[in-house]
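Below is one structure, written out as structure tokens; the observations come after it.
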Amino acid sequence: MATTPLFITPPPPPSATAAPPFTVETLAVLIDKSKSKTHLLQIHASLVRRNLDDHTILNFKLQRRYSSLGHLNYSVTLFNRTRNRDVYTWTSIIHAHTQSKLNDQALSYYAQMLTHRIQPNAFTFSSLLNGSTIQPIKSIHCHVIKFGLCSDTYVATGLVDGYARGGDFISAEKLFDKMPEKSLISFTTMLMCYAKHGKLLEARLLFDGMEGNRDVVVWNVMIDGYAQNGFPNECLLLFRRMLVEKVKPNVITLLPVLSSCGQVGALESGRWVHSYIKNGKDGVVGVEVRVGTALVDMYCKCGSLEDARKVFDKIDGKDVVAWNSMIMGYAVNGLSEEALKLFHEMHGEGVRPSYVTFIALLTACGHSGLVTKGWEMFNLMKNEYKMEPRVEHFGCMVNLLGRAGRLQEAYDLVRSMKIDPDPVIWGTLLWACRLHNNISLGEEIAEFLLSNDLASSGTYVLLSNIYAAAGNWDGAAKVRSLMKDSGVEKEPGCSIIEVNNRVHEFIAGDLKHPKSKDIYLMLEEMNSWLKGKGYTPKTDVVLHDIGEEQKELSLEVHSEKLALAFGLISTRPGTTVKIVKNLRVCLDCHAVMKMISKITGRRIVMRDRNRFHHFDNGSCSCGDFW
DNA sequence: GTAGGGTTAG
């Protein structure tokens, strides 16, 4: 434990005039109001002068103030010097440690407290459980029972929180259900527990049951729960309802809401939130860093880099997260030079890069095939910043090398890794094999993955892709049946487009949209335009051994084409069409997007799983390299 | 003289 000496300067000799007539009460107030360590040390010295350094209450207050000002070591030294430790003293030192996330020490103080025969009370347990992942929670629960404190709302809430944080969802629920009295905090804690475990239905049930008693935090937890668990549309819907119910959102509310706009690429909604924020304050120039970062991220994910940059430049006190968002924004939109430039600016501002910064930089290099620059960054991170590359950094490098056709180099890098390569890395390598038609390496890797139980749906799809491209239909069929047997399912492709603040979702061959008829009519028209320009469908992307005509038909109804058709009929000519796809864009759809952008004179922005494609006048910003 | 809830980048 830290042992910073407290009494370096000996107290001055007592004199009748030096010490004004402070009472214990006024000293207590002084301690509570003190703003700094120096101030506190002065009061402390004065306690010593007045022979009050054995005063339990003043010592307690002093100890608490030291730790709340962030000087845990002073708090501990004082605790060690306190002769008459009562339950307050012990509780306070426990609280100080859980506040600093020092759970083991907190627990050890609790144990010492018991050996000193000081009986804990509700405050002790509340402090011990204070939002921590303290373990073992079950033993603490037993102690709570033993001391008869189960029915205390604070303690029970702390236990529910403790179980939830430790991942014991069932116990948390059981305990919550048995609580005789539940406070708003108890409900919020349980709600958070559901939300963190992805139990959105249970969370929503509890949330709906709290009608009339919901404060802004409750709304935030529910809204954030949706955003964090891949339900951005539900998040946005609930946010709208919050506004309808006249609950005033705060900064925290806006973060998941903006994140959701970004997730679905809902630029109109995002802009609306942005103007809502701007209207909320009266001409203040700077933007709060968290909201600013969330806005930058949202605009980048909606493909509007100009807007992102405008907000970014206005952020007050940019931290590394803010820089990362903008750098990553440039990276996934293929503006690698801008990303690298911004990194140098960041360096100039004296902000130290984090491991995410390097993911962003390597992503930027990957999207433009900058192999040399990529290696330079990879080495810079290791040598200059002394950061050990993580699996994600290796992933970026493998992607970069693999796509540049340097398959052996990529494979060697994976083999040289001290950490275990994750399925993403293997998938990246397989993808590169498919891209460069390296069947033998592709097979070798796929077999390794299959025999080591590392195969995901992506592995199967890529392997059948590799076989199909080589015309090996037997191989492709074998892989498909293997996939069926293993029970993994291919994630269905899905595209979304936002029109008039509403998000429309399409899957391949979708007939569910109310405007289906018009959409398919538009699709036919698109096809006649394309045929007129001499376009031939890229049927080799179809993985099944079926007739050419059937292949063409299956391509025509790909989700991104449905979304495009809907976009064309429901927005004014000249408007940019923005589509978001959950998987990578297919080769045929990519070609179609290019041609349609030329034929209609519209810009099309498409975000796929990996990056952005800005189609304009017949070409794409990715340079057909993705 | 004591105790509790939400935070952004891949």
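As a basis for the values below, the full set of heavy atoms in this structure was taken, side chains included, without hydrogen atoms, waters or symmetry mates. Each chain gets a letter, A, B and so on, in the order its sequence line appears, and its residues count up from 1.
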request  = List in chain and number order the residues that pass salt bridge (charged side-chain N to carboxylate O under 4.0 Å, His left out) with A:K138, two or more places apart in sequence or in another chain; answer none if no residue qualifies.
outcome  = A:D168

request  = Mind checking salt bridge (charged side-chain N to carboxylate O under 4.0 Å, His left out) for A:D319 and listing every partner two or more places apart, or none if nothing turns up?
outcome  = none

Nearest-Å distance for atom pair OH/P, residues A:Y88 and B:dA3 = 11 Å

ask   = Is the backbone N or O of A:L255 less than 3.5 Å from a side-chain atom of A:S259, with the two atoms forming a donor-acceptor pair by type?
value = no

message = So if I take residues 56-63 of chain A and measure heavy-atom distances to DNA chain B, which residues fall below 4.0 Å?
response = A:T56, A:I57, A:F60, A:K61

key: Base B:dG1 paired with A:D32 side chain (donor-acceptor, <3.5 Å)   = no

ask   = How would you label the contact of A:V291 with the nucleic acid (heavy atoms, under 4.0 Å): base, sugar-phosphate, or nothing?
value = nothing

query = If you look at every strand shown and take non-hydrogen atoms under 4.0 Å, does A:N324 touch a base, only sugar-phosphate, or nothing?
reply = base

query = Is any side-chain N or O of A:R64 closer than 4.0 Å to OP1 or OP2 of B:dT2?
reply = yes

ask   = Which part of the nucleic acid, if any, lies within reach of A:R165 when heavy atoms closer than 4.0 Å are counted: base, sugar-phosphate only, or nothing?
value = sugar-phosphate

ask   = If you check the A:V217 side chain, which of B:dT8, B:dG5, B:dT2 turns out closest?
value = B:dG5

task = Go through the structure and list residues passing ring pair (Phe, Tyr, Trp, His ring centres under 6.0 Å) with A:Y226, not counting sequence neighbours.
result = none

request  = Pick base, sugar-phosphate or nothing for A:S92, based on heavy-atom distances below 4.0 Å to the nucleic acid.
outcome  = nothing

key: Interatomic distance, A:W90 CH2 vs B:dT2 C1' [rounded to whole Å]   = 16 Å

message = For a quick check of understanding: with a heavy-atom distance under 4.0 Å over all strands, which category does A:V251 fall into, base, sugar-phosphate or nothing?
response = nothing

task = For A:N121, report the nucleic acid contact type (base, sugar-phosphate, nothing); a contact means any heavy atom under 4.0 Å.
result = base

Separation of atom CD1 in A:I315 from atom P in B:dT8, rounded to whole Å = 15 Å

task = Would you mind reading off the distance between A:M179 atom CE and B:dG4 atom C1', rounded to a whole angstrom?
result = 11 Å

query = Roughly how many Å is it from CG in A:L175 to P in B:dG4, rounded to a whole number?
reply = 19 Å

Please tabulate, one pair per line, all N/O donor-acceptor pairs under 3.5 Å involving side-chain atoms of residues 143-156 of chain A, not counting sequence neighbours.
unit_1 : atom_1 : unit_2 : atom_2 : d
A:H143 : ND1    : A:Y110 : OH     : 2.6
A:D152 : OD1    : A:Y154 : N      : 2.9
A:D152 : OD1    : A:V155 : N      : 3.0

request  = Measure from the side chain of A:H95, starting at C-beta and using heavy atoms only, and say which of B:dT7, B:dA9, B:dA3 lies closest.
outcome  = B:dA3

task = Using a heavy-atom cut-off of under 4.0 Å over every strand shown, decide if A:D161 touches base, sugar-phosphate, or nothing.
result = nothing

message = Can you measure A:H97 atom NE2 to B:dA3 atom C1' for me and round it to whole angstrom units?
response = 17 Å

message = Within the 4.0 Å heavy-atom criterion, would you say A:F358 contacts the bases, only the backbone, or no part of the nucleic acid?
response = nothing

note = Those residues at least two apart in sequence (or on a different chain) that pass ring pair (Phe, Tyr, Trp, His ring centres under 6.0 Å) with A:F612 are none

ask   = Which residues, if any, of residues 139-148 of chain A bring a heavy atom under 4.0 Å of DNA chain B?
value = none

note = From CG of A:L362 across to C1' of B:dA9 the rounded distance in Å is 15 Å

query = Can you name the residues that form a salt bridge (charged side-chain N to carboxylate O under 4.0 Å, His left out) with A:D224, not counting sequence neighbours?
reply = none

request  = List in chain and number order the residues that pass salt bridge (charged side-chain N to carboxylate O under 4.0 Å, His left out) with A:K318, two or more places apart in sequence or in another chain; answer none if no residue qualifies.
outcome  = none

ask   = Can you list the residues that meet the ring pair (Phe, Tyr, Trp, His ring centres under 6.0 Å) rule with A:F378, with sequence neighbours excluded?
value = A:W375, A:F394

query = For the side chain of A:H347 and the backbone of A:F343, is there at least one donor-acceptor N/O pair under 3.5 Å apart?
reply = no

ask   = Counting only heavy atoms not in A:E245, do more than 12 fall under 6.0 Å of its CD?
value = yes

query = Given atom CZ of A:F123 and atom C1' of B:dG4, what is their separation to the nearest angstrom?
reply = 11 Å

task = With a 4.0 Å heavy-atom cut-off, tell me which residues in residues 180-187 of chain A come close to DNA chain B, sorted by residue number.
result = A:S183, A:I185

note = Applying side-chain hydrogen bond (donor to acceptor under 3.5 Å, both in side chains) to A:S183 and not counting sequence neighbours gives A:S186

request  = Report the nucleotide, chosen from B:dA3, B:dA9, B:dT8, that has the shortest atom-to-atom distance to any side-chain atom of A:K301.
outcome  = B:dA9

query = If you check the A:V356 side chain, which of B:dA3, B:dG5, B:dA9 turns out closest?
reply = B:dA9

ask   = What is the minimum heavy-atom distance between A:F207 and A:R214, and which atoms define it?
value = O-NH1, 2.8 Å

